[in-house]
Every structure is written in C-alpha cells, then in structure tokens.
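Values in this document were obtained by computation on a predicted structure and should not be read as measured data. In what follows, residues are counted from 1 in the order of the sequence shown.
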Amino acid sequence: MVGLYDWLVPQDRLYADARFARLFGVDPDRAAAGAPLAEFARAIHPEDGPRVEAAMRRTVATGEPYEAEYRLVRAGGEIRWVAARGRCTRGPGGAPERFSGTVVDITRRKQAEERQALLSREVDHRAKNALSVVQAALRLTRAPDLPAYTRAIEGRVAALARAQTLLADRQWAGADLLSLLRGELDGFLDRDGSGPQAEVDGPPVSLPAGAAQPLAMAIHELATNAVKYGALSAPQGRVEVTWRVEGRLPGRLRLRWTERGGPPLGSPPERRGFGTRVLDGTVRGQLGGTLSLGWKPSGLVCELDVPLRPEPTPGEGRDEAAQA
C-alpha cells in the first residue's frame, strides 16, 4: 500500500489520500480536507516518534531528502511498518513551503527480515549445541589404537548426523523418538526368515531439539555395546526397547533397554567401563536425566529417565559430560 501526502509547512495543514489516512488511522475525508500534522503523528510508535520528528526537522532545515522507516500503532494495537520518503520545497524567500512525499507499507518485508534474523540466531544456536555434543564425544572416546578410535568416532558422529536429519526434516521443531531408534537399530528390526533381533514399542514422542542429539548418542552407545558384547553379538540374542511419558507436560521420558539371549553376564563390573562413562555423561550431564544399569544374568537392562523440556538448561552439565 502506497499513500501520498502533502504538508503545507507554514499553515501546518497535511493533505493525504485515503491510503495514507487509513495507515495513520485518520478519517479519509478529514485527511483530504487537511489536518494538523500532529493528528497523523499520533499513530507513530512512541519509541520511533522522536527519531521521525528529528528526520523531518532536518529535512525542513537543510532541504536534504527525507527517509525514515518506523512503526505505526493501529487501533487495537496492531503494528504496521512503513517507509516514508519526501522532499521539502521552499518559497521565493527561502522559507520552507511544502513537504511532500509517499509512505509505503513495508510490514511484510519487516516480518520476513525478523523471521530471517530469528532463523539465523536459531542456526547459530543449533550449530553451537551440535559442536558441544561432538566435543563431548571426542573427549569421551578411548580406543587402543587409531583405527579403533576412528571407527568409534565415525559411529558417534553418524548417530548425531541421523538425529540432525530428523530435526531438519521437522524444521527443528523436534525429532520423533521411534524414528531415532529405528535409525540406530535398523539392521536388527527386520531380518528375513529368522525374525527381528530388536523390537521397539511405545507411544509417539517428539523429542525436544536440544535432547535429540545427546539421546541419539546414548542409544548409539547401547546399540554398539550390544553388537560387540551383548545380545546383538549372538544370533539368538534379542533387544527390546520400551518407553512411556510420565508427569505433567512436557513430562519425562522413561525408556527401558532390555537385552536377553546374549553371552551370560556375571556380576556387575568392578570398575565403571568406558561405555558406562559415555552413557552417564550423556544422560546425566547433557540431558539432566538419570541412568540405571542392571547387570542381570540374562542380559543388560538399562533405564533412562530424561526430562522432555524444550531445551536443556544453558550450560547444564556440559563440563560434567566433558570430564566424565
């Protein structure tokens, strides 16, 4: 929408067309007949008023072109952005005579700019979060030699990448827990002839964006351990993953990982192993949750309790995760 105005400076009478009048909340007939500048200026946002007035005074005093972008407060509180342009002409004696120009509604452009700025901040925030998780993975990883270290890191980064893809598919609104689990257990969910080695069961859960990648790394650690030493290392072994959400919204995720049919387990390990350190650092340190490991003769039972808040508390537990 483009509105036209013509302000007679000595008489302080501003004439405007209907489009200009509607933008500034003035009756079109009143604007066509001319009204004091102050009647139109009342619509300018209080925070922008002094700046707009200063720009107009400068144009009247110097004759330089007038340009300003500012907000209008419409009836009911609606905010509209406008871009104003104009020039001030002078009479024979050099005194300012007429101040004329246009006002364009740029609300859509401003909204697009705000969305773009928000998206940029969001991308920056997500990138920093992802890098902090990768940093924790690097510090937590131990291996007897470089090839083993490379394989371990590649596996963890791949888990993070899968979680990143899930988040991107939903515009970072969250990640589907079932899809995340399927990504980690894909090769064991459906096997021709002998049935699945892994089963998953639970209600639909949308993981907060800040929790998806750390949880993906925790699940990846459980799956890797099961393939190397646990139920998934034996043809007859099975893994069952179940979950539920408890408490008031957004609630807490209670996830249970149960292994059976793998190599028999003896007593719990005397020392906390590397995999346990990774799980504990990720679940407790990065997600603010709790972890329970049961070393049963039939196989490992792991229970996770993770809050489903929109984002982990800034900085919560990162040092613990990095030092675990």
Q | Working for side-chain contact (heavy atoms from CB on, under 4.5 Å), residues Leu293 and Trp257 | A | CA-CA 9 Å; Leu293 295 172; Trp257 174 287; over 6 Å; no
(Q) Could you go through Leu232 and Gln197, starting from their C-alpha distance and side-chain angles, then the distance that decides it, and tell me whether this counts as side-chain contact (heavy atoms from CB on, under 4.5 Å)? (A) CA-CA 7 Å; Leu232 299 182; Gln197 271 193 281; 3.9 Å; yes
Q | Euclidean distance, Leu177 CG relative to Leu215 CG, rounded to 0.5 Å | A | 6.5 Å
Q.
My understanding is that only one of Arg109, Arg115, Gln111 makes a side chain to side chain donor-acceptor pair (under 3.5 Å) with Glu113; could you say which?
A. Arg109
**Q.** Pair Arg238 + Glu199, salt bridge at N-O below 4.0 Å
**A.** no
Q | Short side-chain to backbone donor-acceptor contact, Asp12 and Leu37, under 3.5 Å | A | yes
Q.
Let me confirm one number: the CZ-CG distance from Arg252 to Asp305, rounded to the nearest 0.5 Å.
A. 4.0 Å
(Q) Pair Leu253, Leu207 - check side-chain contact (heavy atoms from CB on, under 4.5 Å), show working. (A) CA-CA 9 Å; Leu253 173 67; Leu207 297 170; 4.1 Å; yes
**Q.** Cluster overlap Leu4 with Val103, hydrophobic side-chain contacts below 4.5 Å
**A.** no
Q: Identify the heavy atoms of Pro28 and Ala21 that sit nearest to each other, and give their distance.
A: CA-CB, 3.8 Å
Q: Considering non-hydrogen atoms only, spot the tightest contact between Leu14 and Ala16 and give its length.
A: CD2-CB, 3.9 Å
Q) Counting heavy atoms not belonging to Arg57, are there more than 12 under 6.0 Å from its CZ? A) no
(Q) Does Arg87, at its CZ atom, have more than 12 non-hydrogen atoms belonging to other residues, nucleotides or ligands within less than 6.0 Å? (A) no
Q: Quick one: pull up CZ in Arg42 and CG in Leu72 and give me the separation to the nearest 0.5 Å.
A: 13.5 Å
Q: Heavy atoms only: give me the nearest Arg19-Met1 pair and the separation to one decimal.
A: O-SD, 3.7 Å
Q. With sequence neighbours excluded, what pairs up with Tyr5 under the ring pair (Phe, Tyr, Trp, His ring centres under 6.0 Å) test?
A. Phe20
Q.
Less than 4.5 Å apart, side chain to side chain, heavy atoms only: is that true for Cys88 and Arg98?
A. no
Q: Tell me, with the steps shown, if Tyr70 and His45 meet side-chain contact (heavy atoms from CB on, under 4.5 Å).
A: CA-CA 7 Å; Tyr70 52 90; His45 195 287; over 6 Å; no
Q: List the atom of Val245, the atom of Pro250, and the distance in Å for their closest heavy-atom pair.
A: CG1-O, 4.1 Å
Q: Verify the distance criterion only: is there a donor paired with an acceptor across the side chains of Thr242 and Asp201 at less than 3.5 Å?
A: no
Q. So do the side chains of Val200 and Trp243 get within less than 4.5 Å of each other, counting heavy atoms only?
A. yes
Q: Count the heavy atoms belonging to other residues, nucleotides or ligands that lie under 6.0 Å from OH of Tyr229, then report whether that count exceeds 12.
A: no
Q) Does the side chain of Thr258 come within less than 4.5 Å of Val239's, by heavy atoms? A) no
Q) Just checking, is any N or O donor in the side chain of Ser298 or Arg260 under 3.5 Å from an acceptor N or O on the other one? A) no
**Q.** Val9 reachable from Tyr15 in the ILVMFWY side-chain graph, under 4.5 Å edges
**A.** no
Q) If you measure from CD1 on Ile106 to CZ on Arg71, what distance do you get to the nearest 0.5 Å? A) 11.5 Å
(Q) According to salt bridge (charged side-chain N to carboxylate O under 4.0 Å, His left out), does anything in residues 288-304 pair up with another residue at least two apart or in another chain? List the pairs. (A) Arg256-Glu303
Q) Is the number of heavy atoms from other residues, nucleotides or ligands under 6.0 Å of Arg80 CZ greater than 12? A) yes
Q | Close side-chain approach of Leu178 and Pro204, heavy atoms under 4.5 Å | A | no
Q) Quick one: are Leu255 and Ile219 in side-chain contact, heavy atoms under 4.5 Å? A) yes
Q: First locate atom CD of Glu259, then atom CG of Leu222, and finally report the distance between them rounded to the nearest 0.5 Å.
A: 7.5 Å
Q) Are the side chain of Arg13 and the backbone of Gly34 linked by a donor-acceptor contact shorter than 3.5 Å? A) yes
**Q.** Main-chain N/O of Trp81 paired to Thr107 side chain as donor or acceptor, under 3.5 Å
**A.** yes
Q. Using 30° and 60° as the class limits, which term best fits the ring planes of Phe99 and Trp7: parallel, tilted or perpendicular?
A. tilted
Q. Which heavy atom of Arg58 sits nearest a heavy atom of Thr62, and at what distance?
A. O-OG1, 2.7 Å
Q.
Once rounded to the nearest 0.5 Å, what's the spacing between atom CD of Glu221 and atom CD of Glu184?
A. 10.0 Å
